[in-house]
Protein chains: 2
Amino acid sequence: MTDIDNDSREVDSRLKSESLTEEIPDKIIRRLPHYYVQLKYMMKKDIEYVSSEQLAKIMGFSSSLIRRDLSHFGQFGKKSYGYDVHCLYENLQQILGFGYEKTMIIVGAGFLGRALANNKSYSERGYILKGIFDKDPAIIGLEFNDIKVMDIELAPDFISEHEVDVAALAVPAESAQETADMLVNAGIKGIWDFTETPVEVPGNIILIEQNMNDGLCKISCKLVQKRQSPS
Amino acid sequence: MTDIDNDSREVDSRLKSESLTEEIPDKIIRRLPHYYVQLKYMMKKDIEYVSSEQLAKIMGFSSSLIRRDLSHFGQFGKKSYGYDVHCLYENLQQILGFGYEKTMIIVGAGFLGRALANNKSYSERGYILKGIFDKDPAIIGLEFNDIKVMDIELAPDFISEHEVDVAALAVPAESAQETADMLVNAGIKGIWDFTETPVEVPGNIILIEQNMNDGLCKISCKLVQKRQSPS
DNA sequence: TAGATTGTTAATCGATTAACAATC
DNA sequence: TAGATTGTTAATCGATTAACAATC
């Protein structure tokens with residue numbers, strides 16, 4: 001196993017050294033992948049430079065916001081030219097951590113877990129799916145995306161042995177907390193939580209709540225508002 | 001079919017009349033379902049009153065924020081007692097629109113679409129799942145949650161006939177925009193978008209982007225920051 | 001050079017928190 | 001009455017936008 005922390009990847013000198021360690025505001029982090037995707041498109045089209053104004057038009061943010069977001073990490077633009085697409089892409093990749101190998105498992109192999117197993121974008125973002133776990137004997141042993149579902153009892157040892165970074169939590173709400181506790185005790189560093197109940201984890205664990213029903217609630221709320229307003 | 005707009009449900013007099021039509025800030029909408037869930041727990045435990053301070057402790061918001069959020073819709077509290085759990089629950093249900101019947105379809109019956117088909121929380125939030133669509137002949141005709149997958153060619157007629165409100169979009173990224181266009185043309189009112197590419201819809205269509213990979217990016221970013229900071 | 005566009009500072013906007021008078 | 005807790009106003013905080021000097 002390579003020690004990826006010592007990976008001697010060349011870091012752009014324009015990248016502020018603090019910017020990889022200093023806490024980045026969540027609001028900015030959320031926009032970064034979108035910049036990243038746009039820049040990838042542009043690279044494919046062999047566009048060399050892009051101005052904040054052009055990006056603004058495409059992405060629906062203000063050019064001011066884009067300049068401010070990017071300046072948070074360093075000075076990547078050339079005055080009167082705009083931003084070097086390739087350079088910015090590489091640096092965003094660095095900031096987003098896609099260049100670092102991260103290991104991942106899926107816990108819960110219902111339809112949602114299976115959907116996650118078939119997600120194509122892990123490798124592109126530096127994730128390696130190492131295992132899938134479930135407690136249902138009828139599901140253990142099945143294969144999804146060439147990975148055999150293992151007994152969840154084996155998860156703790158698997159996590160510490162493989163130094164698993166992230167677990168996608170796709171178990172029923174009832175066992176969400178208990179499973180999260182198990183993951184944390186086994187040394188997981190981040191939990192990508194798809195369960196309906198918000199789980200509690202220690203402060204040093206990265207927790208992303210991906211509760212899908214919040215979206216459903218939001219639509220309902222907006223739909224009803226619309227029905228009742230005369231517009 | 002009942003005309004649910006004329007449903008003569010009793011609306012609490014404490015509920016500000018504007019609050020159902022006036023635009024609610026997104027930030028508040030996002031917190032409402034969480035209040036709702038907590039209040040449901042409390043009703044089960046036969047708790048009659050709860051103070052903003054108690055709610056704050058449970059939910060991790062400040063009591064100030066909770067009072068402010070709730071006061072946006074009316075005056076539901078009793079000074080020195082706190083909030084009437086049942087009354088607040090009913091009103092939140094009203095505001096969130098769970099009491100109104102909303103029809104829904106799922107477009108795309110891959111693993112993700114199937115996971116959505118088996119979601120248990122639709123009815124609780126007033127949604128009725130009317131159909132599932134796919135274009136793959138090998139999938140058309142299969143049943144998930146007792147609903148047969150139909151040919152996507154039939155979707156436009158189905159949507160207008162059944163006056164479908166919301167479509168969960170779970171097709172591959174390549175056909176996301178084209179499918180969204182079809183849905184909009186057929187008269188859909190809201191799209192719950194699970195695809196990787198952001199889709200464009202007219203301004204009068206409610207669009208909720210449920211891009212799951214954003215979560216993956218966020219974890220990656222935070223994970224790498226943590227690795228590099230000496231903490 | 002003239003025009004374009006950055007990076008940054010100041011101004012604005014919006015959301016959260018603190019404080020407190022009103023009152024149950 | 002004394003204590004508790006709301007609803008709301010003022011203060012603070014943070015994020016976005018506008019503006020512009022610097023400069024390619």
Side-chain angles (χ1 to χ4, degrees), chain A residues 12-19 22-32 34-35 38-39 42 47-88 91-92 95 218, chain B residues 12-19 22-32 34-35 38-39 42 47-88 91-92 95 218:
Chain A
D12 197 297
S13 62
R14 283 160 290 194
L15 186 66
K16 281 186 196 167
S17 56
E18 323 87 84
S19 64
E22 211 180 57
E23 189 119 347
I24 307 167
D26 261 32
K27 281 281 174 68
I28 298 185
I29 292 185
R30 210 178 313 160
R31 286 187 293 264
L32 296 183
H34 298 264
Y35 295 132
Q38 276 310 323
L39 289 163
M42 289 177 177
I47 298 171
E48 287 190 54
Y49 284 92
V50 65
S51 72
S52 58
E53 197 58 58
Q54 288 172 300
L55 268 174
K57 281 225 182 75
I58 297 167
M59 321 216 337
F61 307 152
S62 79
S63 65
S64 233
L65 184 62
I66 291 172
R67 289 199 300 280
R68 209 166 215 291
D69 277 356
L70 299 180
S71 76
H72 194 269
F73 306 107
Q75 308 199 347
F76 301 116
K78 262 194 189 160
K79 288 193 170 76
S80 103
Y81 282 85
Y83 296 90
D84 178 324
V85 172
H86 185 77
C87 153
L88 193 51
N91 277 285
L92 277 175
I95 294 158
K218 203 167 161 186
Chain B
D12 197 298
S13 63
R14 282 159 291 193
L15 186 68
K16 283 186 192 166
S17 56
E18 323 87 84
S19 64
E22 209 181 59
E23 188 119 348
I24 307 168
D26 261 32
K27 282 280 174 68
I28 297 183
I29 292 184
R30 209 177 314 160
R31 286 188 291 265
L32 296 183
H34 298 264
Y35 295 131
Q38 276 310 322
L39 290 163
M42 290 175 176
I47 298 171
E48 286 191 54
Y49 285 93
V50 64
S51 72
S52 57
E53 197 60 56
Q54 289 172 301
L55 268 174
K57 281 224 182 76
I58 297 167
M59 321 218 336
F61 308 152
S62 78
S63 65
S64 233
L65 183 62
I66 291 173
R67 289 200 299 281
R68 207 165 216 291
D69 277 356
L70 298 180
S71 76
H72 194 268
F73 306 106
Q75 308 197 346
F76 300 117
K78 260 193 189 161
K79 288 192 170 77
S80 102
Y81 282 86
Y83 296 90
D84 178 324
V85 172
H86 184 77
C87 153
L88 193 51
N91 277 286
L92 276 175
I95 293 158
K218 204 168 160 187

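Every chain is numbered from 1, with letters handed out A, B, ... down the list of sequences.
- Of the listed nucleotides (D:dA15, C:dC24, C:dT16), D:dA15 has the atom at the smallest distance from the side chain of A:P25.
- With both pairing distances under 3.5 Å, C:dA22 is matched to D:dT5 as a Watson-Crick or G-U wobble pair.
- Atom NE2 in A:H72 sits roughly 14 Å away from atom P in C:dT9 (whole-Å rounding).
- A straight line from CG of A:D84 to P of D:dC24 spans 16 Å, rounded to a whole angstrom.
- Look at CG on B:D69: it is 14 Å from C1' on C:dG14, rounded to the nearest Å.
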Verdict with reasoning, B:D26 to A:K218, per salt bridge (Lys or Arg N to Asp or Glu O under 4.0 Å): CA-CA 9 Å; B:D26 261 32; A:K218 203 167 161 186; 3.1 Å; yes

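- Note on B:Y83: every side-chain N or O is 4.0 Å or more away from OP1 and OP2 of C:dC24.
- C:dT16: Watson-Crick or G-U partner is D:dA11, with both key distances under 3.5 Å.
- Across every non-hydrogen atom of A:D69 and A:I28, the tightest pair is OD1-CG1, 3.6 Å.
- Residue A:S80 places no side-chain N or O under 4.0 Å from the OP1 or OP2 atom of C:dG3.
- Side-chain nitrogen and oxygen atoms of B:R31 include at least one within less than 4.0 Å of the OP1 or OP2 phosphate oxygen of C:dT16.
- Pairing each heavy atom of B:E23 with each of B:H72, the nearest pair is O-CE1, 4.5 Å.
- Of all nucleotides listed (C:dC24, C:dT6, D:dA18), D:dA18 comes nearest to the side chain of A:S64.
- Closest heavy-atom contact between A:S63 and A:A56: N-CB, 3.5 Å.
- Residue B:S52 has a polar side-chain atom (N or O) positioned under 4.0 Å from OP1 or OP2 of D:dT6.
- DNA chain D is contacted by both A:D26 and A:Y81; A:D26 maps to the nucleotide lying nearer its 5′ end (nearest heavy atom per residue).
- Computed from coordinates, the B:L55 CG to C:dT17 C1' distance equals 17 Å when rounded to whole Å.
- Straight-line distance from the CZ atom of B:R67 to the P atom of C:dA15: 19 Å, rounded to whole Å.
- D:dT6 atom P lies 12 Å from atom CD of B:Q75, rounded to whole Å.
- The side chain of A:S51 has C:dT6 as its nearest neighbour among D:dG7, C:dT8, C:dT6.
- Shown here for B:M59 and B:H34, the closest heavy-atom pair between the two residues is SD-O, 3.9 Å.
- Out of C:dT6, D:dA15, D:dT5, the shortest distance to the side chain of A:K27 is found at D:dA15.
- To the nearest angstrom, C1' of D:dT16 lies 14 Å from CZ of A:R30.
- Ring geometry, A:F61 versus A:Y35: the interplanar angle exceeds 60°, so the pair is classed perpendicular (tilted spans 30 to 60°).
- Between the CD1 atom of A:I28 and the P atom of D:dG14 there is a distance of 13 Å, rounded to whole Å.
- Among D:dT17, C:dT17, C:dA15, the nucleotide with an atom closest to any side-chain atom of A:R68 is D:dT17.
- One finds no side-chain N or O of B:Q54 lying less than 4.0 angstrom from the OP1 or OP2 phosphate oxygen of D:dT5.
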